Novice: 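Pasting a structure below so you can have a look.
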There are 2 protein chains.
Amino acid sequence: MAESRTQQLGFICGLDAALRVVGGKWKPLILHFLYSESKRYGELKRCVTGVSDKMLSQQLKDLESHGVVSRTDHNEIPPRVDYALTPLGRSLAETLVPLCEWGEQHQEMIASSV
Amino acid sequence: MAESRTQQLGFICGLDAALRVVGGKWKPLILHFLYSESKRYGELKRCVTGVSDKMLSQQLKDLESHGVVSRTDHNEIPPRVDYALTPLGRSLAETLVPLCEWGEQHQEMIASSV
DNA sequence: CTGAATCCGACTTGATACTG
DNA sequence: CAGTATCAAGTCGGATTCAG
């Protein structure tokens with residue numbers, strides 16, 4: 001009964017593993033918007049329309065704990081905190097690009113079938 | 001103030017639109033397992049380890065309403081129902097492949113940072 | 001065998017107010 | 001500006017029951 005290493009680690013497959021990191025309502029969008037450039041908290045919040053402070057900081061914390069996002073607190077007054085993708089996060093954000101393009105191509109259909 | 005069509009349709013960006021379809025705990029996995037071949041309900045349930053009947057049928061219905069999965073009820077006794085990807089669903093499932101590969105490559109790290 | 005329907009608790013998300 | 005605290009609302013997901 002050879003079991004793949006993926007399953008030994010508790011994942012159904014690689015996709016399942018990846019979803020542990022990007023699974024969450026806002027995480028893919030956060031990665032996507034950090035992909036172009038690192039951003040301050042407020043900038044990010046304006047990009048990810050509709051997210052609340054609570055969710056944004058919580059999901060950023062999750063992403064940071066998985067090592068895909070880095071947080072830099074400049075300890076200034078007024079506060080300044082930058083969020084950026086780590087190299088790992090950058091590689092992850094790249095995998096989201098095809099999904100993003102698919103969404104652009106089919107958005108009319110998606111909008112009409114809600 | 002020119003607003004992109006994406007925003008007119010109520011989406012932040014293409015990724016946001018795509019997430020309306022695959023956003024959900026099990027939907028990406030369902031698409032992934034249907035990608036190799038169409039499956040009966042029971043087969044699918046065995047693939048997507050841990051999913052309950054309720055969630056599986058609910059999420060299949062969602063996917064069907066978005067036109068990415070097709071349901072074929074053979075109206076037989078005992079019941080036989082097949083699920084398959086539509087061409088649209090196939091194109092969507094393809095965009096998940098890079099994410100799946102990323103997960104395979106980094107699964108040790110993911111498993112350790114929970 | 002393939003589901004739909006219902007109940008219920010746990011967890012997630014959201015709105016608002018507040019702090020350094 | 002960058003969050004935290006609190007409470008309310010919504011969603012998830014399991015167990016059970018039922019139907020064809």
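We name chains A, B, ... by the order of the sequence lines, and we start the count at 1 in each one. As the structure is a prediction and not an experimental result, all values here were calculated from the model.
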Novice: Under the rule for ring pair (Phe, Tyr, Trp, His ring centres under 6.0 Å), what residues qualify as partners of B:His32, not counting sequence neighbours?
Specialist: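 B:His32 satisfies ring pair (Phe, Tyr, Trp, His ring centres under 6.0 Å) with no other residue.
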Novice: Name all pairs fulfilling the ring-ring contact (aromatic ring centres under 6.0 Å, His included) condition that reach into residues 84-107 of chain A, sequence neighbours left out, sorted by first residue then second.
Specialist: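 For residues 84-107 of chain A, and leaving out neighbouring residues, the ring-ring contact (aromatic ring centres under 6.0 Å, His included) pairs sorted by first residue read A:Trp102-A:His106.
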Novice: Who are the side chain to side chain donor-acceptor pair (under 3.5 Å) partners of A:Gln107, not counting sequence neighbours?
Specialist: B:Thr6
Novice: Expressed in angstrom and rounded to an integer, what is the separation of B:Tyr83 atom OH from C:dT2 atom P?
Specialist: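 Those two atoms, OH and P, are 9 Å apart.
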Novice: Expressed as a whole number of angstroms, how long is the span from B:Asp82:CG to C:dG3:C1'?
Specialist: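 Those two atoms, CG and C1', are 14 Å apart.
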Novice: Could I get the full list of salt bridge (charged side-chain N to carboxylate O under 4.0 Å, His left out) partners for A:Arg90, not counting sequence neighbours?
Specialist: none
Novice: Return the set of residues passing salt bridge (charged side-chain N to carboxylate O under 4.0 Å, His left out) with A:Glu108 (not counting sequence neighbours), or none when no residue passes.
Specialist: B:Arg5
Novice: Classify the nucleic acid contact of A:Gln59 as base, sugar-phosphate or nothing, counting any heavy atom under 4.0 Å across all strands shown.
Specialist: sugar-phosphate
Novice: What are the two closest non-hydrogen atoms of B:Ala111 and A:Leu9, and how far apart are they?
Specialist: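 Looks like CB-CD2, 4.1 Å.
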Novice: Report, one line per pair, each donor and acceptor closer than 3.5 Å where one atom sits in a side chain of residues 41-48 of chain A; sequence neighbours left out.
Specialist:
| from | atom 1 | to | atom 2 | distance (Å) |
| --- | --- | --- | --- | --- |
| A:Tyr41 | OH | A:Asp53 | O | 3.4 |
| A:Tyr41 | OH | A:Asp53 | OD1 | 2.8 |
| A:Glu43 | OE1 | A:Arg40 | N | 2.8 |
| A:Lys45 | NZ | A:Asp53 | OD1 | 3.2 |

Novice: Between protein and nucleotides 18-20 of chain D, what N or O pairs are separated by less than 3.5 Å?
Specialist:
none

Novice: Please enumerate all residues that pass side-chain contact (heavy atoms from CB on, under 4.5 Å) together with B:Thr72, with sequence neighbours excluded.
Specialist: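 Only B:His74, B:Asp82 meet the side-chain contact (heavy atoms from CB on, under 4.5 Å) criterion with B:Thr72.
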Novice: Looking at five pairs on each end of the helix from C:dC1-D:dG20 to C:dG20-D:dC1, what is the angle between the two axes, given to 10 degrees?
Specialist: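 That helix gives 40° between its end axes.
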Novice: Check the pair A:Ser65 / A:Lys61 against side chain to side chain contact (heavy atoms under 4.5 Å, CB included), numbers first and verdict last.
Specialist: CA-CA 6 Å; A:Ser65 82; A:Lys61 216 176 286 185; over 6 Å; no
Novice: May I have the distance from A:Leu56 (atom CG) to D:dG3 (atom P), rounded to whole angstrom?
Specialist: 8 Å
Novice: Nearest whole Å is fine: how far is C:dC11 C1' from A:Met55 CE?
Specialist: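 For the pair A:Met55 CE and C:dC11 C1', the rounded distance is 11 Å.
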Novice: What heavy-atom pair brings A:Asp73 and A:Asn75 nearest, and what distance separates the two atoms?
Specialist: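 Minimum heavy-atom contact is OD1-N, 2.9 Å.
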Novice: Just distance, no hydrogens or angles: give the donor-acceptor pairs under 3.5 Å from side chains in residues 22-29 of chain B, sequence neighbours left out.
Specialist:
| from | atom 1 | to | atom 2 | distance (Å) |
| --- | --- | --- | --- | --- |
| B:Lys27 | NZ | B:Gly23 | O | 3.1 |

Novice: Kindly say whether A:Gly67 contributes a backbone atom to a donor-acceptor pair with the side chain of A:Thr86 at under 3.5 angstrom?
Specialist: yes
Novice: Considering only heavy atoms, which members of residues 22-50 of chain B lie under 4.0 Å from some atom of DNA chain C?
Specialist: B:Arg40, B:Tyr41, B:Gly42
Novice: Enumerate the protein-to-nucleotides 4-10 of chain C contacts in which both atoms are nitrogen or oxygen and the separation is below 3.5 Å.
Specialist:
| from | atom 1 | to | atom 2 | distance (Å) |
| --- | --- | --- | --- | --- |
| C:dA4 | OP2 | B:Ser57 | OG | 3.3 |
| C:dC7 | N4 | B:Lys54 | NZ | 3.3 |

Novice: Of all heavy-atom pairs between B:Thr95 and B:Pro98, which one has the smallest distance, and what is that distance?
Specialist: O-CD, 3.3 Å
